Amino acid sequence: MADTNLAQAVEAANVSSAYDTNIKFLLADKQILARILKYAVLEFKDMAIEDIIDSIGEDIEIGTRPLDAGLSNLGRVNAASTEDNIPGEGKIFFDIRFAAYHKETEMKFLINLEAQRSSDPAKLGYHLENRIIFYLARMISAQKQTEFYHSDYDNLKKVRSIWLCLCNSEDGDSIEEIGFGRNTVFGNKVNPYDMDLMRGIIISVRSGENIKDSQDILISMLEKLLSEVSVEEKKRILTEEFGMIMTTELEGRMQTMCNWSEAILEKGMEKGMEKGMEKGMEKGMEKGMEKGMEKGMEKGMEKGMEKGIEKERLNAIERMIQAGAAKEQIISFGYTEKEIVQVESALCKKA
């Protein structure tokens, strides 16, 4: 049985790669996109998951789709046409951009999905809300000569910009909306016309350890997708708890799959640094009593940090080996052959 796009993407979750590039391919799986639309975009909340999957336009499919009857629409959406280059306005790149069609209202929605490691202005150097407004404006202005012509502004399509942000706070799970309202500031005029053309949505998910299940089904799914549990456990959770299809008779082999491991490795390095500094401080205090506080603390901290970093490097190599990564691939991420041999030897002893 060949794995579907979603199964292969989860399978690659413990192999380190460029986070910002590979996360697109996991989020672009139509099974995940359908759930994001259902639980984060108001217009799709009453639609069945299967209908939403079917509503994602065929014109933006890429790669080879499953050939099994009933599963031909479970692939990825197109990530090739994500460049927006309008003369005089500059060039920007969207993570994922696709169209979805609401069958009951016969409305076409233009969707943009972005992944952010943080929404903290101190880390970003700007307020995320302003960037979201900019993306929404570009999605509107880009429709001229594509979705409407001349002065036919009533043919503008609704745009939705969805932002998935990581948050380390234990109570940081949330979904927020940014939109445009209409208020009469003088007079009694009532305007029934729907102004809901543009809406931004921020989905904040937690990435800490031992967090309780979110009360929101979408955030719960995304957090479990992000968790550090084994690949097989993730597949079980997505299949049993969220009804996703993990395998099929035949599916196109996609060369590039996404993963979240770089974020995991970064977090591991940070923990190693913290533990190393704590141990270093303890050793430094002990030695400081004998040879002087300053020198003892410096040496203790250095050794502790070295041990902490070394341990996390070995743990990262072990995760990649267990995920099936080849030696050459592991070396390409900056690890040495000596470290790989050390981990392989330890794994043999455990076996």
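The structure displayed is predicted, hence computed values, not measured ones. As a basis for the values below, the full set of heavy atoms in this structure was taken, side chains included, without hydrogen atoms, waters or symmetry mates. Residue numbers run from 1 in the order of the sequence given.
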Quick one about S161 and N112 (side-chain donor to acceptor, distance below 3.5 Å, no hydrogens or angles considered), yes or no? yes
Do [X] side-chain atoms and [Y] backbone N/O form a donor-acceptor pair below 3.5 Å?
X	Y	answer
S141	R138	yes
N155	F148	no
T336	E339	yes
R206	K212	yes
S55	I52	yes
K45	A40	no

Test of understanding: clusters of I, L, V, M, F, W, Y form through side-chain heavy atoms closer than 4.5 Å, transitively. Do [X] and [Y] belong to the same one?
X	Y	result
F242	I56	yes
I203	L42	no
L124	L136	yes
I331	V341	no
I237	L218	yes

Under a 4.0 Å threshold between the charged nitrogen and the carboxylate oxygen, would E310 count as salt-bridged to R313? no
I'd like to know if D196 and R160 make a salt bridge, using a cut-off of under 4.0 Å between side-chain N and carboxylate O. yes
[X] versus [Y]: any side-chain heavy-atom pair under 4.5 Å?
X	Y	answer
E318	L314	no
L37	M47	no
M221	Y39	no
K224	D213	yes
M107	E43	no
D46	E104	no
I53	Q31	yes
D51	F44	no

Just how far is it from atom [atom1] of [X] to atom [atom2] of [Y], taken to the nearest 0.5 Å?
X	Y	atom1	atom2	answer
I133	I178	CD1	CD1	6.0 Å
I36	L222	CD1	CG	5.5 Å
L128	N130	CG	CG	9.0 Å
L164	E114	CG	CD	10.5 Å
F109	R199	CZ	CZ	8.0 Å
I32	L238	CD1	CG	7.0 Å

CA sep, side-chain torsions, deciding dist, call: I175, I202, side-chain contact (heavy atoms from CB on, under 4.5 Å): CA-CA 6 Å; I175 299 178; I202 304 174; over 6 Å; no
Tell me, yes or no, whether the heavy-atom count around E241 atom CD, taken from other residues, nucleotides or ligands under 6.0 Å, exceeds 12.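 Yes, enclosed.
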Can you give me the closest heavy-atom contact between [X] and [Y], atom names plus distance?
X	Y	answer
E223	S214	OE1-CB, 4.0 Å
C165	S119	SG-CB, 4.0 Å
L110	A99	CD2-CB, 4.2 Å
A28	L33	O-CD1, 3.7 Å

Apply side-chain contact (heavy atoms from CB on, under 4.5 Å) to T239 and M244, showing your working. CA-CA 5 Å; T239 301; M244 296 191 192; 5.5 Å; no
Using the side-chain contact (heavy atoms from CB on, under 4.5 Å) rule, take K103 and D54 through it: C-alpha gap first, then chi angles, then the decisive distance, then the call. CA-CA 10 Å; K103 291 185 177 179; D54 188 53; 2.7 Å; yes
